[in-house]
Structures are given as structure tokens and as C-alpha cells.
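Note that these values count all heavy atoms, side chains included, but never hydrogens, waters or copies made by symmetry.
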Amino acid sequence: MAQVLEFKLPDLGEGLTEAEIVRWLVEVGDVVAIDQPVVEVETAKAMVEVPCPYGGVVTARFGEEGTELPVGAPLLTVAVGAPEGPETSGPVTPGPSGARNGSAASGSAPPSSSSSSSGSSAAESSGGSGNVLVGYGTGAPAGRRRRIRPARLDRTPTPSGALKAEAPVPEAPVSEARVSEALGVPVTAASSTAAPASVAAVSDGPVPVVSPLVRRLARQHDIDLRRLTGSGPDGLILRADVDCAIRQAEETGAARTRTAQAAAAPTGASPASPVATSPAAPAAPAAERIPLRGVRGAVADKLSRSRTEIPDATCWVDADATELMAVRAAMNAATGPSAGPKVSVLALLARICTAALARFPELNSTVDTEAREIVRLPGVHLGFAAQTERGLVVPVVRDAHTRNAESIGAEIARLTELARAGKLSPAQLTGGTFTLNNYGVFGVDGSTPIINHPEAAMLGVGRIMPKPWVHQGELAVRQVVQLSLTFDHRVCDGGTAGGFLRYVADCVEQPAVLLRTL
């Protein structure tokens with residue numbers, strides 16, 4: 001006999017409540033191995049490959065690519081073989097048509113292929129790996145993070161005025177013959193592959209909404225959540241449901257406006273003064289609407305919170321970076337056994353920042369608004385802005401205060417490659433205490449950076465370019481850069497911020513100043 005198990009979207013950590021399906025890695029009918037990645041999802045932090053804790057045949061997938069699912073929603077169902085009598089105690093050989101490749105087929109034997117004993121774990125007997133994802137696993141259910149579910153509502157017909165949203169449905173389930181061919185055992189519980197039914201919301205009782213973002217979006221557009229039919233499990237209202245309701249409301253409002261304009265127009269013209277007819281004006285193209293979700297949504301939320309909570313101020317200074325560029329060229333031109341990898345300008349600036357923060361620790365802090373306290377942090381975890389195809393991300397160099405310029409440069413290069421490949425983990429994008437933003441790579445001279453909440457400051461660096469400059473009493477062409485410091489005025493006053501920025505500028509103009517702290 002075969003058992004059909006449902007694999008749900010696990011808790012991906014960092015307080016994330018939803019994820020968007022980017023790419024399915026398996027098809028319905030494929031044989032999967034235990035802990036084989038089955039889907040690639042995008043969260044507000046990073047791209048993540050989700051492994052399946054069961055081995056068997058995929059019988060259904062829930063959600064198309066581009067669909068946003070909440071944590072706990074079904075991802076797919078897997079038919080897993082179970083031991084029953086001597087005829088099923090041997091190893092199960094998957095059919096050749098069900099495997100995507102040889103390695104997947106050979107590694108996808110269900111737990112019935114292993115010899116059973118009284119000491120086998122519950123995870124092994126159910127086809128699970130026993131491995132625990134972040135907040136989710138195949139072990140005992142008592143270890144799972146508890147999620148608050150809305151009370152089950154009576155299934156009643158949708159009110160005539162209720163707004164409806166299309167619920168994600170699974171693809172056509174694989175046939176019993178296909179499962180039998182792959183597992184070599186008959187399939188039971190075929191009804192478990194069906195999509196979870198939607199529950200219509202009624203006027204009374206709790207509203208089935210988990211995500212605070214969904215509630216806020218509904219409030220902003222005056223959408224009554226009690227009139228929506230949720231497309232998620234147990235009638236859970238998803239962001240897609242609210243977006244659909246917003247579009248319907250806008251279309252209804254536009255139709256009412258056109259009706260009112262037509263009623264206000266004159267019904268006819270006087271016979272004595274005929275009016276010449278003119279061709280109808282072409283309809284204006286509809287505005288494009290781009291959902292604020294994923295990385296773009298996370299950036300929007302964080303920057304909005306920064307502007308709302310932090311009373312920031314900005315100061316800036318122009319610095320002569322000619323000597324810094326000369327020192328870098330000399331470092332990279334060194335040869336011999338002691339010569340290391342090339343050092344970037346960003347790495348040198350990062351090392352200057354860690355030295356400046358040692359002198360001005362007020363800027364390496366955060367504000368605890370509830371306790372009304374300034375928390376000075378013992379170490380520097382330096383974030384740096386990196387532009388990728390998915391948007392702006394801020395990887396974090398851990399313990400930057402313990403690294404030299406070469407070590408910082410190597411870590412920046414490593415994290416940048418991961419960012420461009422979309423493989424940064426949530427842990428690599430959080431926990432920063434100070435951010436360095438090099439917008440000079442875009443050909444920009446200056447800017448007023450927005451602080452990366454909950455940090456207290458950010459240093460912005462413009463492009464380094466030749467400009468006329470008074471050097472040693474004479475006009476000369478020098479390499480000049482503009483440095484901008486945005487700081488939280490709650491943690492320090494302008495004197496401290498100015499002292500920090502002036503020290504950074506002095507190190508840029510005279511790198512020998514930095515030698516005192518090395």
C-alpha cells in the first residue's frame with residue numbers, strides 16, 4: 001500500500017510569514033528523494049530552495065510559479081510506499097519514466113526499502129527524513145511552531161455582494177497507475193491529493209487573516225475582509241485575494257464615474273445650431289500596477305519605517321582621495337610571497353569606517369524605543385549596499401572590527417557573488433550595526449542616504465573623479481570624492497557626527513592617519 005503525505009510550506013525563519021513560488025524543480029509524476037529540493041521560493045530576504053522531507057512520487061503541486069503562499073499552506077503531495085507483509089518488504093524500484101535523472105530515482109526509495117526494526121523512528125516509518133528545517137520538520141509534531149488558525153466557519157453560500165478571488169488549485173493529479181508504476185505498490189487515500197477547499201467568510205466571527213501586511217493593505221484601500229472569500233487553506237485570506245478585491249473596486253468606481261459623466265452630458269443639440277460630430281478620443285492606456293512584495297516590498301517597509309521612526313540628519317564633506325588611490329595602487333602592485341589579493345576602494349573605506357566607529361561608538365548603536373534607551377553595540381557588523389537583479393540588498397560582514405582591509409575585501413567579494421546569484425541566506429542579510437553605501441558606482445556625486453533601520457547611521461560615498469582642488473596652496477587637479485553621513489539624532493548631536501565624518505575624510509586624504517589604529 002502507498003500513503004499520500006502532504007508537504008506544507010515550512011517556516012523559513014526571520015519572522016517570514018509568506019513566500020512566492022519562483023520555480024518548481026519537480027513535476028507531477030516525478031520520483032523525489034528524501035531532502036531533495038522540490039521548489040525555489042522567494043521571501044522578503046532571499047531566494048531559498050525548499051527540500052521535501054518525504055521520498056516517493058509527486059502526486060500534486062499546489063500553486064503556479066508567481067503564486068504567493070503563506071507559511072503552512074500545502075506545497076505538494078507525495079505518495080510514499082509503506083511496508084505491508086512479505087511481498088512489500090523488499091526494496092522499491094521506481095519506474096524509469098518517473099525519475100527526472102538517475103540520481104533522483106536511485107535516491108528516492110521510500111522508507112519501506114530499509115529493514116524495519118522496533119527502534120525505527122516515526123519519521124522514518126512515514127517516509128520523512130527526520131531532518132528539521134527552520135521551525136518545521138518531520139519529527140514529533142510537538143516540536144513544531146504553533147500557528148494561530150482562525151476558527152472553522154460553517155460552509156455557507158457566498159453572499160451576493162461578496163467579492164471572490166480565484167483559489168490556487170493543484171495540477172491534474174498523477175494517476176494511480178503512474179504511482180503504482182513508480183512505487184510498485186497500490187495507492188490509497190487518493191482523495192488526499194485534492195486541493196484544500198475554500199471557506200466563505202461570513203459577517204460574524206473572526207476574520208481568517210494571518211498576515212499583518214494583508215490587514216494593512218485592506219485598511220489602506222477600505223476593503224472589508226469579512227466580504228472576501230479566502231483562497232488559502234481553511235479559507236485563509238491571502239494577499240492575492242485583497243489585490244483582486246482592490247482591482248474590482250477600482251473597476252467599479254471607474255464604471256460609476258463614466259455613468260455619471262454620461263448622465264451629465266447634454267442629451268441633444270438645438271435644431272437651429274447643429275453640432276458637428278467629432279471622432280471619439282482614444283482610451284487612455286491603463287496604468288501598470290506592480291505588487292510591492294519580495295525584496296522590493298521588504299525594502300519599502302524598512303525604508304518607510306526608518307523615515308517614520310528615526311529623526312535623521314545628514315552632513316557631508318568633499319575629500320581629496322588622491323593619496324588613498326595612490327596607496328591602493330601601491331598595495332595592488334606589490335609582488336612576491338607577501339603580496340595578497342587585490343584590495344578594492346570599498347574595502348579600504350570599510351576599514352576606515354571601523355576605525356572611525358572605534359573612536360565614535362555612539363554611531364554603532366541602536367535605540368530601544370520601549371525602554372527609552374540607547375544600546376551601544378560591542379562589535380561592528382558592517383553592511384554594504386549591493387545592487388542585484390532582484391533589487392537592492394544589504395549583505396553584512398560579521399565582526400568587521402576584527403578584520404583588516406584584505407579580509408574585509410575578500411568577504412565583500414564573497415557576499416557580493418552570493419547576492420548576484422540570489423543565494424544569500426536571511427542570516428547574511430540581517431544583524432548589521434552600520435552600513436556603507438557606495439552609490440558612486442552609478443556615477444552619482446552625492447546623496448542623502450536613508451538609515452537602514454534599526455541602525456543609527458549610514459555613510460554614503462560618491463564617485464571619485466578629477467576636479468580642480470587647492471593643494472599645498474596651489475590649484476591642481478585632484479581625485480575628489482563627496483562623503484555623506486546620515487545619522488540618528490537621538491543617539492548623538494552634530495558634533496559627534498561631524499567628528500566621525502571629519503576623521504573618515506582625514507583618513508581618505510592622508511591614509512597614514514589610519515596607521516595609528518592598526
Side-chain angles (χ1 to χ4, degrees), residues 5-28 32 36-54 58-78 133-138 144-150 164-171 173 192-199 201 207-218 225 228-246 291-298 301 390 422 426:
L5 301 178
E6 183 179 74
F7 175 46
K8 299 180 180 180
L9 178 64
D11 180 359
L12 301 174
E14 300 294 335
L16 303 174
T17 59
E18 54 195 10
E20 179 182 348
I21 297 176
V22 176
R23 180 167 61 98
W24 282 104
L25 305 178
V26 295
E27 303 287 343
V28 173
V32 297
Q36 175 183 336
V38 294
V39 65
E40 189 178 63
V41 300
E42 179 181 19
T43 68
K45 300 290 185 182
M47 300 274 281
V48 180
E49 287 186 351
V50 180
C52 179
Y54 310 122
V58 178
T59 58
R61 300 187 320 193
F62 299 95
E64 300 293 334
E65 294 180 356
T67 303
E68 195 171 67
L69 298 178
V71 170
L75 272 178
L76 48 78
T77 53
V78 180
L133 302 175
V134 179
Y136 187 94
T138 59
R144 292 181 56 185
R145 184 173 66 89
R146 183 179 179 185
R147 299 183 69 249
I148 300 176
R149 292 280 188 180
K164 296 182 179 180
E166 296 182 358
V169 296
E171 297 180 1
S192 63
T193 62
S198 298
V199 179
V207 180
V209 179
V210 174
S211 173
L213 297 178
V214 173
R215 291 185 179 273
R216 184 178 64 183
L217 187 64
L225 292 174
L228 298 186
T229 300
S231 61
D234 297 329
L236 185 67
I237 297 177
L238 308 180
R239 188 170 187 166
D241 303 329
V242 178
D243 290 338
C244 181
I246 292 173
L292 273 176
R293 61 188 184 189
V295 173
R296 187 74 262 163
D301 293 339
R390 299 174 60 237

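A donor-acceptor pair under 3.5 Å is formed between the side chain of D241 and the backbone N or O of S231. Within the 3.5 Å criterion, the main-chain N or O of V26 finds a donor-acceptor partner in the side chain of R61. A donor-acceptor pair under 3.5 Å is formed between the side chain of T77 and the backbone N or O of A60.
The two atoms that bring A73 and L69 nearest to each other are CB-CB, 4.2 Å, heavy atoms only. When every heavy atom of K8 is checked against every heavy atom of G72, the shortest pair comes out as CD-O, 3.2 Å.
For the pair L238/P70, a side-chain contact is recorded, criterion being any heavy-atom separation below 4.5 Å from C-beta on. In this structure, the side chains of P53 and F7 come closer than 4.5 Å at one or more pairs of heavy atoms. Residues V242 and L228 are in side-chain contact: their nearest non-hydrogen atoms beyond the backbone lie under 4.5 Å apart. Annotation: side chain of P51 is not in contact with side chain of V38 (no heavy-atom distance under 4.5 Å).
Going from atom CH2 of W24 over to atom CD of E65 covers 9.0 Å, rounded to the nearest 0.5 Å. Taken to the nearest 0.5 Å, the CZ atom of R239 stands 9.0 Å off from the CD1 atom of I246. F62 CZ to I21 CD1: the interatomic distance, rounded to the nearest 0.5 Å, is 11.0 Å.
Under the rule for a side chain to side chain contact (heavy atoms under 4.5 Å, CB included), the partners of P37 that lie at least two apart in sequence or sit in another chain are L25, E49. Among residues two or more places apart in sequence or in another chain, the salt bridge (Lys or Arg N to Asp or Glu O under 4.0 Å) test is passed with E68 by none.
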### Query
Does the pair L75 and V39 meet the rule for a side-chain contact (heavy atoms from CB on, under 4.5 Å), with working shown?
CA-CA 9 Å; L75 272 178; V39 65; 4.1 Å; yes
